[in-house]
**Q** 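Structure incoming, see below.
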Amino acid sequence: TGGYIDGNDYEDVVADNLTLIATTGIGYYETLLTQVSSLDATTTGEDAAIYIDEYDGLDSITLKVNNSNVDIEFEDEDNYLALSVDGPGVLLYAYAPDTDISVENTGGYIDGNDYEDVVADNLTLIATTGIGYNYTLYTQVSSLDATTTEADAPIYIYEYDGLTSITLKV
């Protein structure tokens, strides 16, 4: 707490499960290289970015941010996850069909970006002021759990191929 966590561009962090918590960023100056099954990354400062290159794919990704840019690249260049700051919220786009993804934005909304979908196995979203607030979030997932924490915060999601499970909390 109180700073950032960086990689060194030469060595990977190798583990089954990796949990990272930082105030001002992860991969802040040098992208963090990982080879893990499960990644849990939290930044507490506003605009505290996360930059990670994952060597062999992830079974699950859990992100908690406060209006922060995130870029997670997989060695398999077909898979990716990104958040882009957009005012008091973030735009989410991801293609990781075999990965469980959980994203929480404590500083605003989570939106789609009208160009790319969120493709994942299971998707969990938590936002204070809305999901799909300005731009509908387009998904292709098996199960969806969407939560907003502020009163009257909307949820707008378009699911392409149906869900096996859905949980909404507003």
Side-chain angles (χ1 to χ4, degrees), residues 1-2 4-5 17-28 38-52 54 58-73 79-170:
T1 63
Y4 59 88
I5 299 170
N17 304 304
L18 178 61
T19 299
L20 303 167
I21 302 171
T23 303
T24 57
I26 298 170
Y28 187 77
S38 174
L39 173 66
D40 185 341
T42 299
T43 54
T44 56
E46 188 169 3
D47 296 326
I50 300 173
Y51 299 107
I52 294 174
E54 167 58 29
L58 291 161
D59 295 329
S60 71
I61 301 169
T62 301
L63 300 172
K64 185 174 182 181
V65 299
N66 182 1
N67 288 337
S68 302
N69 288 312
V70 174
D71 186 17
I72 298 178
E73 295 183 9
N79 291 341
Y80 58 86
L81 182 146
L83 296 175
S84 299
V85 172
D86 179 58
V90 294
L91 304 178
L92 169 64
Y93 40 104
Y95 181 83
D98 298 323
T99 304
D100 295 337
I101 296 174
S102 177
V103 176
E104 179 176 358
N105 185 15
T106 61
Y109 55 80
I110 298 172
D111 270 0
N113 71 2
D114 279 348
Y115 302 109
E116 299 181 57
D117 306 323
V118 176
V119 179
D121 189 13
N122 301 300
L123 180 62
T124 300
L125 302 171
I126 303 169
T128 53
T129 58
I131 297 171
Y133 182 81
N134 294 308
Y135 304 102
T136 299
L137 188 65
Y138 291 86
T139 65
Q140 190 172 345
V141 298
S142 297
S143 71
L144 173 67
D145 185 341
T147 301
T148 55
T149 58
E150 197 171 273
D152 300 322
I155 297 175
Y156 299 108
I157 295 173
Y158 181 93
E159 168 59 29
Y160 278 108
D161 62 356
L163 296 164
T164 58
S165 170
I166 185 169
T167 303
L168 301 174
K169 299 173 193 157
V170 292

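Just so you know, residue 1 is the first one in the sequence shown, and it goes up from there.
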**Q** Please evaluate residues Leu81 and Leu63 with respect to the criterion side chain to side chain contact (heavy atoms under 4.5 Å, CB included), reporting the C-alpha separation (whole Å), side-chain torsions for both, the decisive distance (0.1 Å), and the verdict.
**A** CA-CA 11 Å; Leu81 182 146; Leu63 300 172; 3.5 Å; yes

**Q** Taking only residues two or more places apart in sequence or in another chain, which ones pass ring pair (Phe, Tyr, Trp, His ring centres under 6.0 Å) with Tyr28?
**A**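 Ring pair (Phe, Tyr, Trp, His ring centres under 6.0 Å) check on Tyr28 returns Tyr4.
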
**Q** Provide the closest heavy-atom pair for Ala41 versus Ile50 in the form atom of the first, atom of the second, distance.
**A**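 Smallest interatomic distance, heavy atoms only, reads CB-CD1, 4.0 Å.
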
**Q** Show the nearest heavy-atom pair for residues Ala153 and Gly130, with the distance to one decimal.
**A**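 Answer, listing the atom of Ala153 first, then Gly130: CB-N, 3.8 Å.
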
**Q** Would you say the side chain of Ile155 lies within less than 4.5 Å of the side chain of Leu125, judging by non-hydrogen atoms?
**A**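 They are not in contact (no side-chain heavy atoms under 4.5 Å apart), so the answer is no.
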
**Q** Do Lys169 and Asp145 have side-chain heavy atoms sitting under 4.5 Å apart?
**A**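 SC-SC contact between Lys169 and Asp145 confirmed.
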
**Q** With Tyr158, which residues qualify under ring pair (Phe, Tyr, Trp, His ring centres under 6.0 Å), at least two apart?
**A** Tyr138, Tyr160

**Q** What distance separates Ile166 CD1 from Ile157 CD1, expressed to the nearest 0.5 Å?
**A** 6.5 Å

**Q** Is it true that a side-chain atom of Asp111 and a backbone atom of Tyr133 form a donor plus acceptor pair closer than 3.5 Å?
**A**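 Judged by distance alone, yes, a pair lies under 3.5 Å.
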
**Q** So how far is it from Ile26 CD1 to Thr42 OG1, rounded to the nearest 0.5 Å?
**A**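 One gets 7.0 Å once the value is rounded to the nearest 0.5 Å.
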
**Q** When you measure from the side chain of Asn67 to the backbone N and O of Gly89, does any donor-acceptor pair fall under 3.5 Å?
**A**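 Yes; judged by distance alone, with no hydrogens or angles, the pair exists.
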
**Q** Could you tell me whether the side chain of Thr164 and the main chain of Ser142 form a donor-acceptor pair under 3.5 Å?
**A**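 Side chain of Thr164 to backbone of Ser142, a donor-acceptor pair under 3.5 Å: yes, one is there.
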
**Q** Let me confirm one number: the CD1-CD1 distance from Ile72 to Ile61, rounded to the nearest 0.5 Å.
**A** 4.5 Å

**Q** Find the distance between CD (Glu73) and CD (Glu54) and round it off to the nearest 0.5 Å.
**A** 12.0 Å

**Q** Could you check whether any side-chain N or O of Thr43 sits under 3.5 Å from a backbone N or O of Thr23, counting only pairs where one atom can act as donor and the other as acceptor?
**A**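 Checking the backbone N and O of Thr23 against the side chain of Thr43, no donor-acceptor pair under 3.5 Å is found.
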
**Q** Would you find a donor on one side and an acceptor on the other, under 3.5 Å apart, between the side chain of Glu46 and the backbone of Ala48?
**A** no

**Q** With heavy-atom distances below 4.5 Å as the criterion, would you say the side chains of Pro97 and Asn79 are in contact?
**A**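 In contact.
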
**Q** Quickly, which of Thr124, Leu83, Val118 forms a side-chain contact (heavy atoms from CB on, under 4.5 Å) with Val103? Name it, please.
**A**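 Looking at Thr124, Leu83, Val118, the match for Val103 under the side-chain contact (heavy atoms from CB on, under 4.5 Å) is Leu83.
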
**Q** Atom CG of Leu92 and atom CG of Leu123: how far apart are they, to the nearest 0.5 Å?
**A** 7.0 Å

**Q** Considering only residues two or more places apart or on different chains, which pairs with a residue in residues 88-104 satisfy side chain to side chain donor-acceptor pair (under 3.5 Å)?
**A**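 For residues 88-104, and leaving out neighbouring residues, the side chain to side chain donor-acceptor pair (under 3.5 Å) pairs sorted by first residue read Ser84-Tyr93, Asp100-Asn122.
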
**Q** Determine, stepwise, if the pair Tyr51 / Asn69 fulfils side chain to side chain contact (heavy atoms under 4.5 Å, CB included).
**A** CA-CA 8 Å; Tyr51 299 107; Asn69 288 312; 4.0 Å; yes

**Q** Using 0.5 Å steps for rounding, measure from the CG atom of Asp59 to the CG atom of Asp121.
**A**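 Separation between the atoms: 10.0 Å.
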
**Q** Would you say Asp86's side chain and Leu91's backbone share a donor-acceptor pair under 3.5 angstrom?
**A** no

**Q** Taking all atoms of both residues into account, what is the closest heavy-atom pair of Thr106 and Lys64, and its distance?
**A**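 That would be CG2-CE, 3.6 Å.
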
**Q** Considering residues, nucleotides and ligands other than Asp152, do more than 12 of their heavy atoms fall under 6.0 Å from its CG?
**A**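 Result for CG/Asp152: open.
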
**Q** If you compare all heavy atoms of Gly87 against all heavy atoms of Val85, which two are closest, and at what distance to 0.1 Å?
**A**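 Nearest pair, atom of Gly87 first, then Val85: O-CG1, 3.8 Å.
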
**Q** Give a yes or no on whether the backbone of Ile110 and the side-chain of Asn105 come within a donor-acceptor separation of less than 3.5 Å.
**A**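 No: the side chain of Asn105 does not pair with the backbone of Ile110.
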
**Q** Might you point out which heavy atoms bring Ser38 and Ser60 nearest each other, and give the distance in Å?
**A**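 Closest approach of Ser38 to Ser60, heavy atoms only: OG-OG, 3.0 Å.
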
